[in-house]
Q: 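First, the structure itself, so that you have it in front of you.
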There are 2 protein chains.
Amino acid sequence: MATIQEVAKYAGVSVATVSRVINTPDKVKKHTQFKVENAIKELNYEPSVLGRSLRTSQSKLLLVLLPNVSNPFYAKIINGIQDKAIAFGYNILLCETDSDPDREVIYFNMIKNKLADGIISMDPTVNKKKLIELSNEYPIVQCSEYTKDKTLPFVTIDSKQAAYQAVKHLIKLGHKKIGLINFDKKFLYASERYSGYEKALKEFNLEITDDWIYNTKHLNFESGQQAMRVLLDQIDRPSAVFAVSDVLAVGALKELHIKQLGVPEEMALIGFDNIEFSNVVYPPLTTVAQPMYEMGAISAQMLMSKIKGEEVESRFLEHQLIIRETT
Amino acid sequence: MATIQEVAKYAGVSVATVSRVINTPDKVKKHTQFKVENAIKELNYEPSVLGRSLRTSQSKLLLVLLPNVSNPFYAKIINGIQDKAIAFGYNILLCETDSDPDREVIYFNMIKNKLADGIISMDPTVNKKKLIELSNEYPIVQCSEYTKDKTLPFVTIDSKQAAYQAVKHLIKLGHKKIGLINFDKKFLYASERYSGYEKALKEFNLEITDDWIYNTKHLNFESGQQAMRVLLDQIDRPSAVFAVSDVLAVGALKELHIKQLGVPEEMALIGFDNIEFSNVVYPPLTTVAQPMYEMGAISAQMLMSKIKGEEVESRFLEHQLIIRETT
DNA sequence: GTGAAAGCGCTAACAG
DNA sequence: CTGTTAGCGCTTTCAC
């Protein structure tokens with residue numbers, strides 16, 4: 001790769017002029033500009049982002065932290081982020097953290113080192129303190145997950161309310177024995193969806209039965225299937241189950257097929273997220289839709305505002321109950 | 001963020017010594033080391049990757065290019081890459097290109113600019129020329145996709161042979177009318193799987209019927225569903241279908257459910273990849289398994305060898321026919 | 001309009 | 001063992 005020096009020499013000008021041609025062409029005589037542009041083309045020169053970043057402290061790169069890429073939930077959000085980012089001349093880098101604090105630190109360092117201009121975090125707040133600390137100095141926005149004390153700007157949905165509605169839907173259908181397949185409560189949404197579940201049951205004077213609640217360790221099909229297996233093993237078992245994630249619900253559905261139970265007659269099931277897959281399984285899954293693309297787009301927008309130094313306001317987006325055939 | 005100068009001043013040593021403490025602590029007296037380490041802690045100092053990269057031309061970062069994150073096929077590969085990379089002290093950055101040459105260029109520049117030490121590309125060779133050109137100067141490995149002329153090291157499977165086996169499986173089951181749901185042939189695997197399909201039919205003297213072949217524009221459920229819809233609309237329609245990707249197959253399966261066709265009695269179906277979904281749908285999908293995790297791990301291993309300047313050899317990994325309940 | 005020179009944060013050769 | 005210094009590639013005053 002040619003450097004700016006070589007271009008300068010080739011064009012018979014100073015490096016400063018080359019830099020000007022690239023960044024502020026108006027400040028350069030047409031003729032000089034032409035010479036330089038020719039040299040650039042001739043030498044196949046491309047400015048070094050490294051040198052530039054070191055100097056200007058900006059990289060036009062955005063970091064997106066996510067627990068893992070295998071959950072399709074994130075894919076749609078990423079689309080939203082990407083489209084917005086590109087429109088503003090930014091590019092995004094996806095960072096899979098596996099919810100591992102050590103991994104997070106590495107990516108945090110990238111922003112400290114000016115390798116990235118901002119972060120959109122979808123991680124649960126494992127490093128909550130560090131994240132907040134970081135946000136005092138650098139532009140950071142949370143997406144989906146958020147910190148309750150509102151120190152960090154976020155865009156998410158009202159998980160409690162959404163879960164409440166989902167469970168209420170089950171109750172309205174006549175179910176009195178409602179199970180819950182939940183995920184690790186270190187995810188704020190998991191604990192909030194639990195609250196919504198609790199609220200709905202209480203409101204209708206249904207008792208909370210611990211045996212009907214299963215918290216999975218992982219967020220994948222197997223865990224959902226395993227959870228349903230346990231739930232079905234009860235002598236007195238629920239007639240409907242609310243899973244806090246479609247991935248879990250789909251896994252649960254598989255177990256229902258294996259046990260040859262009629263859905264929704266023998267067991268009703270409702271998921272959460274409305275990932276594409278939820279509408280492809282058989283029978284199509286009733287679920288609570290999150291506006292994933294929009295969440296991504298808005299968080300990107302917010303991040304760009306923060307980068308510009310503007311104040312931003314956190315947002316709760318609308319969710320929507322989508323009734324299909326498992327309830 | 002404190003700089004190395006501040007640390008040096010605080011510790012009462014030169015910047016060189018600070019640098020030594022960080023990079024080659026053995027070359028420093030224990031006492032000095034202690035002073036410096038204390039200063040580092042005190043000032044909360046972390047070395048700037050930027051400054052270091054500019055100087056050493058290495059970033060310990062690997063770029064992974066992929067068309068899009070929504071295909072679960074990539075998730076498993078990424079796991080493999082990640083585990084290997086971390087073991088070698090590297091971190092990975094995921095770059096979603098949407099198969100857009102312009103997007104690719106941006107990420108290509110990252111390596112030119114020493115922001116990354118190497119690239120694992122899972123993109124179809126849109127920028128084939130540029131990629132090859134780049135690989136002369138920088139460590140690049142292809143994963144899953146590959147260039148036929150073998151100028152670039154790759155790890156993949158024998159798609160033609162795998163497709164051949166899949167279709168043969170269908171034929172052995174007595175099917176004579178076999179449809180194909182294929183993807184855009186700019187993906188090498190798509191054209192190879194077509195060849196395998198062709199080879200199997202020819203071997204058993206079955207005619208290739210253009211009406212039974214549908215090439216999708218996108219790789220998602222809807223496209224698969226749409227493809228199956230078209231296939232079913234024929235007056236003389238196939239009794240079995242081979243889809244070159246599980247995502248497509250799962251979409252096709254949905255259409256079969258909608259039309260209430262018995263699977264596999266009225267329509268047999270076989271997919272490709274063995275993504276987790278394929279075993280969760282109902283009925284579980286027969287498919288050709290790719291060793292995704294291994295593909296990722298090996299390509300990461302290869303890339304690291306390349307970075308060290310070693311010669312590497314491309315590899316074809318083993319696939320495996322997994323017979324479940326759709327055939 | 002243009003050039004010279006300083007400096008972003010770091011490492012490595014050289015000298016002591 | 002440690003310090004001095006040059007320089008990675010770029011942008012941006014400050015002169016001219």
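The figures here come from the full heavy-atom set of this structure, side chains too, leaving out hydrogens, waters and symmetry mates. Predicted model, so just to flag it, every value in this text is computed and none were measured. Letters A, B, ... mirror the listed sequences (proteins, then strands); counts begin at 1.
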Q: Any donor and acceptor pair, going by atom type alone, linking the side chain of A:T24 with main-chain N or O of A:K27 inside 3.5 Å?
A: no
Q: Is a side-chain donor or acceptor of A:D184 paired with a backbone partner of A:K217 at a separation under 3.5 angstrom?
A: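 Answer holds: no.
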Q: Specify the separation, in whole Å, of atom NZ of B:K114 and atom P of D:dC10.
A: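 Roughly 12 Å, once rounded to whole Å.
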Q: With side chains defined as the heavy atoms from C-beta onward, is the minimum distance between B:K84 and B:Y90 less than 4.5 Å?
A: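 Counting from C-beta outward, B:K84 and B:Y90 never come under 4.5 Å.
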Q: What is the distance, to the nearest angstrom, from the CG atom on A:L43 to the P atom on D:dG9?
A: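 Checked: the CG to P distance equals 14 Å.
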Q: Hey, does B:T3 reach any base, or is it just sugar-phosphate, or nothing, if we go heavy atoms under 4.0 Å?
A: sugar-phosphate
Q: Atom CD1 of A:I120 and atom OG of A:S144: how far apart are they, to the nearest 0.5 Å?
A: 12.5 Å
Q: Choose from D:dT5, C:dA4, C:dT2 the nucleotide whose nearest atom is closest to any side-chain atom of A:A16.
A: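 Ranking D:dT5, C:dA4, C:dT2 by closest atom to the A:A16 side chain puts C:dA4 first.
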Q: Without decimals, in angstroms, what is the distance between A:F34 CZ and C:dG1 P?
A: 18 Å
Q: Determine whether a donor-acceptor pair (one donor, one acceptor, N or O, separation below 3.5 Å) exists between the side chain of A:R55 and the base of C:dG9.
A: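 It does not, because no donor-acceptor pair links the side chain of A:R55 to the base of C:dG9 below 3.5 Å.
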Q: The side chain of B:Q5 is closest to which nucleotide in this list: C:dG1, C:dG3, C:dG9?
A: C:dG9
Q: Check every strand shown and say whether A:T32 touches a base, only sugar-phosphate, or nothing at a heavy-atom separation below 4.0 Å.
A: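 Sugar-phosphate contact only.
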Q: Would you kindly give the CG-to-P distance between A:N23 and D:dT13, to the nearest whole Å?
A: 12 Å
Q: Quick one: does any side-chain atom of B:Q82 pair with a main-chain N or O of B:I92 as donor and acceptor, under 3.5 Å?
A: no
Q: Grab the NZ-P distance between A:K27 and D:dT13 for me, whole Å please.
A: 8 Å
Q: Check the distance between C:dT2's C1' and A:K35's NZ and give it to me in whole angstrom.
A: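 About 10 Å, once rounded to whole Å.
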Q: Taking the nucleotide of DNA chain D with the closest heavy atom to each, which residue, B:T17 or A:I22, is nearer the 5' end?
A: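 Nearest nucleotide further toward 5': that of B:T17.
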Q: Rounded to the nearest Å, what distance is computed from the CD atom of residue A:E6 to the P atom of nucleotide D:dC8?
A: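 Distance check: A:E6 CD to D:dC8 P gives 10 Å.
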Q: Within the structure shown, what part of the strands sits under 4.0 Å from B:L54 by heavy-atom distance: base, sugar-phosphate, or nothing?
A: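 Answer is base: heavy atoms of B:L54 come under 4.0 Å of a base.
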Q: Taking only the side-chain nitrogens and oxygens of B:R52, find out if one of them lies under 4.0 Å from OP1 or OP2 of C:dG9.
A: no
Q: Can a side chain N or O of A:S48 be found less than 4.0 Å away from OP1 or OP2 on D:dG9?
A: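 No, because none of the side-chain N or O atoms of A:S48 sits under 4.0 Å from OP1 or OP2 of D:dG9.
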Q: Tell me: CG of A:L50 to C1' of D:dG7, nearest whole Å?
A: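 Rounded to whole Å, this separation is 14 Å.
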Q: For the side chain of A:R20, counting heavy atoms from C-beta on, which of D:dT13, D:dT2, C:dG9 is nearest?
A: D:dT13
Q: Starting the side chain at C-beta, find the nucleotide from D:dG9, C:dG9, D:dC1 nearest to B:I4.
A: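 Among D:dG9, C:dG9, D:dC1, the one nearest the side chain of B:I4 is C:dG9.
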